[in-house]
Amino acid sequence: DAPPYGLITAATLIAMTGLFLPMCPSAWPAMMLAGISMAGGGGLYGLVTSDVLRRVPPAALSTAGGLLAAAQSLALIIANPLIGRSVELTGSYTPALQVLVALHLPGAAVWLLLRPPPVHRAPDEANIHVPGA
């Protein structure tokens with residue numbers, strides 16, 4: 001089964017609306033646009049996470065879920081000091097925001113272009129021979 005290409009593309013495009021935040025004339029439109037952009041990013045994370053978890057056997061679900069959460073936490077740990085340094089150097093959050101929003105593109109592109117492993121399927125119980133049955 002293929003990943004949900006259409007949904008992943010739509011979520012990426014919605015997340016990319018954050019590139020227009022510096023053009024907002026005041027805080028209210030900026031907050032609304034930021035919310036829309038974050039919804040796209042959250043949707044992208046949810047879609048990719050669910051796609052990964054459906055491709056692993058049930059015995060590996062906990063490990064896979066933990067690794068996905070750890071990867072997100074590690075990204076936040078690395079990004080926060082870099083954002084702070086960027087703000088110190090430029091006096092603005094705009095460059096850091098634009099880089100973070102733009103990073104959705106390569107991640108989504110890699111996900112869409114890679115050939116994923118097959119979806120894990122449970123053995124068909126109808127084809128299992130039970131002795132004595």
Side-chain angles (χ1 to χ4, degrees):
D1 291 355
Y5 293 117
L7 289 173
I8 290 173
T9 302
T12 303
L13 292 174
I14 292 168
M16 297 304 294
T17 61
L19 289 175
F20 299 107
L21 279 166
M23 297 175 206
C24 289
S26 66
W28 281 106
M31 287 189 321
M32 292 187 327
L33 188 58
I36 292 168
S37 180
M38 286 187 272
L44 183 60
Y45 179 76
L47 288 164
V48 169
T49 299
S50 66
D51 192 51
V52 167
L53 294 179
R54 74 186 186 125
R55 295 179 191 283
V56 298
L61 281 174
S62 180
T63 301
L67 288 172
L68 289 168
Q72 182 185 21
S73 295
L74 183 60
L76 292 171
I77 289 168
I78 292 169
N80 283 329
L82 296 175
I83 293 168
R85 185 68 176 142
S86 170
V87 172
E88 286 175 358
L89 292 173
T90 65
S92 172
Y93 281 93
T94 301
L97 172 70
Q98 289 175 326
V99 167
L100 289 172
V101 170
L103 284 174
H104 285 89
L105 278 177
V110 165
W111 195 260
L112 293 172
L113 295 174
L114 286 178
R115 184 171 179 218
V119 172
H120 179 77
R121 304 217 187 274
D124 185 9
E125 293 178 7
N127 292 330
I128 296 175
H129 175 70
V130 179

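On a predicted model such as this, the values are computed, not experimentally measured, just so you know. Worth knowing before you read on, the calculation uses all heavy atoms, side chains too, and leaves out hydrogens, waters and symmetry mates.
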**OP:** Starting from Leu89, walk the hydrophobic network (Ile, Leu, Val, Met, Phe, Trp, Tyr; side-chain heavy atoms closer than 4.5 Å) and list everyone else you reach, by chain and number.
**Re:** none
Please list, one pair per line, the donor and acceptor atoms closer than 3.5 Å that link side chains of residues 2-30 to other protein atoms, with sequence neighbours excluded.
from  : atom 1 : to    : atom 2 : distance (Å)
Thr9  : OG1    : Tyr5  : O      : 2.8
Thr12 : OG1    : Ile8  : O      : 2.8
Thr17 : OG1    : Ile14 : O      : 2.6

Original post:
Transitively linked via ILVMFWY side-chain contacts under 4.5 Å: Met38 with Leu47?
Top reply: no
**OP:** Sequence neighbours left out, what passes side chain to side chain donor-acceptor pair (under 3.5 Å) with Tyr45? Give chain and number order.
**Re:** Gln72
**OP:** Mind checking side-chain contact (heavy atoms from CB on, under 4.5 Å) for Ala64 and listing every partner two or more places apart, or none if nothing turns up?
**Re:** Leu53, Val56
Original post:
Looking at CZ of Arg85 and OG1 of Thr90, how far apart are the two atoms once the value is rounded to the nearest 0.5 Å?
Top reply: 10.5 Å
Subject >> side chain to side chain donor-acceptor pair (under 3.5 Å) involving Thr94 - partner list, sequence neighbours excluded >> reply: Ser92
Original post:
With sequence neighbours left out, which residue pairs that include part of residues 53-65 fulfil the side-chain hydrogen bond (donor to acceptor under 3.5 Å, both in side chains) condition?
Top reply: Asp51-Arg54, Asp51-Arg55
Original post:
Applying the 4.5 Å side-chain criterion to the ILVMFWY set and letting contacts propagate, would Val119 and Leu68 be lumped into a single cluster?
Top reply: no
Original post:
Going hydrophobic residue to hydrophobic residue with side-chain gaps under 4.5 angstrom, can you get from Leu105 over to Leu103?
Top reply: no
Subject >> Ser86 side chain vs Leu82 backbone, donor-acceptor pair below 3.5 Å >> reply: no
